[in-house]
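Have a look at the structure below before the remarks.
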Amino acid sequence: MKVIFTSVIAVCILFNFSQAQDRPDPNIPQGTNFEVPEGWEVRLDHGMEDVVIGSKPDSSDIYFVNMTPGWHVTTGPAGIFYHPANTASGSFDVKTELHFFNPGDRNREGYGLFWGGSNLDGDTQAYMYFLLRNTGEFLIKKRMGEDTEVIQGWTANDAINIYDDPEVSSVLNVLKVRVEGESVRFIINDEEVADVDASGMNNDGIYGLRVNHSVNLHVSDLSLSKL
């Protein structure tokens with residue numbers, strides 16, 4: 001795994017090698033279980049050269065490991081997590097299963113999916129993203145370099161499961177983005193929460209996870225289905 005900062009261009013040979021690998025399977029660790037996944041990349045929102053991404057929660061700024069089925073992520077700084085072989089184009093569903101742990105007083109930090117990623121290792125990075133947060137709201141945005149555009153602002157929806165009981169370890173939310181024809185549909189826990197015109201949205205490209213500050217997640221699935 002390599003970390004990409006906003007001012008760093010990845011070496012093309014490493015990038016192409018990652019693309020040649022198979023899409024990660026949540027049931028098969030990329031490398032060793034409970035270690036940082038091999039072949040994955042992390043891009044932070046802001047360059048922090050001393051950030052440690054590792055498998056030791058007490059000594060890592062970002063804890064990111066294989067934990068079959070899936071992966072576990074506990075963030076400090078916000079960023080995106082992806083494997084370059086995870087690409088989608090045409091008509092497709094991208095889905096993830098996210099187990100959200102006690103946020104303490106950080107209810108307003110978002111987490112979810114991104115898709116349509118391009119130039120993720122450079123200054124012209126671009127992707128679309130679909131997040132929810134523990135206030136029971138979801139968000140749809142577009143990133144272009146350092147700029148972002150709101151497609152749909154934070155919107156409350158009863159489909160979102162909220163962590164509000166300290167007696168349970170986590171709550172599960174299943175997010176899906178369906179790109180088909182002229183529309184992009186957004187689904188949470190099998191309920192459609194938005195349907196957006198696909199024009200002006202760059203939907204083909206890399207997909208992965210977007211996780212904001214101080215979020216503790218277990219990701220039990222991240223998968224693509226062609227329609």
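Numbering starts at 1 and runs along the sequence shown.
Enclosure of atom NZ in K56 is not indicated, since only 12 or fewer non-hydrogen atoms of other residues, nucleotides or ligands lie within 6.0 angstrom. Within 6.0 Å of the CG atom in D190, the count of heavy atoms belonging to other residues, nucleotides or ligands does not exceed 12.
Heavy-atom minimum distance, N203 versus A198: ND2-CB, 4.1 Å. Of all non-hydrogen atoms in F34 and S55, the two that sit nearest each other are O-CB, 3.5 Å. Shortest non-hydrogen contact noted between A159 and N173 is O-OD1, 4.2 Å. Pairing each heavy atom of V51 with each of P77, the nearest pair is CG2-CG, 4.2 Å. For G112 against L131, the heavy-atom pair with the smallest separation is N-CD2, 3.5 Å. Closest of all the heavy-atom pairs between V215 and F100 is CG1-CE1, 3.9 Å.
Proximity of a side-chain donor or acceptor of K226 to a complementary backbone N or O of S89 within less than 3.5 Å is detected. Counting only distance, with no hydrogens or angles, the side chain of D204 and the backbone of G90 share a donor-acceptor pair below 3.5 Å. Side chain of N202 to main chain of G116: no donor-acceptor pair is present (N/O by atom type, distance under 3.5 Å, no hydrogens or angles). For R143 (side chain) and G145 (main-chain N/O), a donor-acceptor pair under 3.5 Å exists by modelled atom type. No side-chain donor-acceptor contact under 3.5 Å links T96 to the backbone of L175. Under the 3.5 Å distance criterion, the side-chain polar atoms of N66 are matched with a main-chain donor or acceptor of Q30. A donor-acceptor pair is defined here as one N or O able to donate and one able to accept, closer than 3.5 Å; no such pair exists between the side chain of H99 and the backbone of N216. Side chain of T75 to main chain of S214: a donor-acceptor pair is present (N/O by atom type, distance under 3.5 Å, no hydrogens or angles). A donor-acceptor pair under 3.5 Å is absent between the side-chain atoms of N86 and the main chain of R23, judged by distance alone. Between the D93 side chain and the K176 main chain, no donor and acceptor come within less than 3.5 Å of each other.
Side-chain atoms of S91 and E180 form no donor-acceptor pair, as typed in the model, at a separation below 3.5 Å. Counting only N and O atoms by type, the side chains of R133 and T135 include a donor and acceptor under 3.5 Å apart.
In this structure, M128 CE and I140 CD1 are separated by 8.0 Å, a value rounded to the nearest 0.5 Å. Note that CG of N102 is 10.0 Å distant from CG of D165, once rounded to the nearest 0.5 Å. One distance of note links CE of M201 with CD of E149; it measures 9.5 Å at 0.5 Å rounding. Residue L132 holds its CG atom at 7.0 Å from CH2 of W154, rounded to the nearest 0.5 Å. Taking CD1 of I187 as the start and CZ of R185 as the end, the distance is 5.0 Å to the nearest 0.5 Å. Considering CH2 of W71 and CG of D221, their distance stands at 7.0 Å, rounded to 0.5 Å.
The only option from N107, N161, D164 that meets the side-chain hydrogen bond (donor to acceptor under 3.5 Å, both in side chains) definition with N134 turns out to be N107. The side chain to side chain contact (heavy atoms under 4.5 Å, CB included) with S60 is formed by just one residue from the set I53, V52, V65; it is V52. None of N27, D25, V219 except one satisfies the side chain to side chain contact (heavy atoms under 4.5 Å, CB included) rule with P69; the exception is N27.
Ring orientation note: the planes of F186 and F130 are nearly perpendicular, at an angle over 60° on the 30°/60° scale. The aromatic rings of Y127 and F114 sit tilted relative to each other, their planes meeting at an angle between 30° and 60°.
The pair D45-R210 meets the salt-bridge criterion, since a charged nitrogen lies less than 4.0 angstrom from a carboxylate oxygen.
Taking the side chain as every heavy atom from C-beta outward, S225 and K95 never approach each other to under 4.5 Å. Considering only heavy atoms from C-beta on, L222 comes within 4.5 Å of L113 through its side chain. Taking the side chain as every heavy atom from C-beta outward, E97 and H218 never approach each other to under 4.5 Å. In this structure the side chain of F81 reaches within 4.5 angstrom of the side chain of I62, judged on heavy atoms. Within the 4.5 Å cutoff, no side-chain heavy atoms of V193 are placed close to those of T155. Counting heavy atoms from C-beta outward, T74 and F101 have side chains that stay 4.5 Å or more apart. In this structure, H72 and F64 have side chains that are not in contact, with every pair of non-hydrogen atoms separated by 4.5 Å or more. E191 is listed as a side-chain neighbour of N157, based on a closest heavy-atom distance under 4.5 Å.
Y63 is not connected to W40 by any chain of hydrophobic side-chain contacts under 4.5 Å among Ile, Leu, Val, Met, Phe, Trp and Tyr, and they are in different clusters. Both Y207 and V179 belong to a single network of hydrophobic side chains, linked directly or stepwise wherever heavy atoms of I, L, V, M, F, W or Y lie under 4.5 Å apart. The same ILVMFWY cluster, assembled from side-chain heavy atoms under 4.5 Å apart, contains both L224 and V177. Residue I162 is not grouped with residue L98 when hydrophobic side chains (ILVMFWY) are merged at heavy-atom distances under 4.5 angstrom, including chains of intermediate members. Cluster membership for L44 and V73, using ILVMFWY side-chain heavy atoms within less than 4.5 angstrom, is shared.
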Handout entry: K141 vs V150, side chain to side chain contact (heavy atoms under 4.5 Å, CB included): CA-CA, chis, key distance, verdict
Key = CA-CA 5 Å; K141 290 185 77 174; V150 175; 3.9 Å; yes
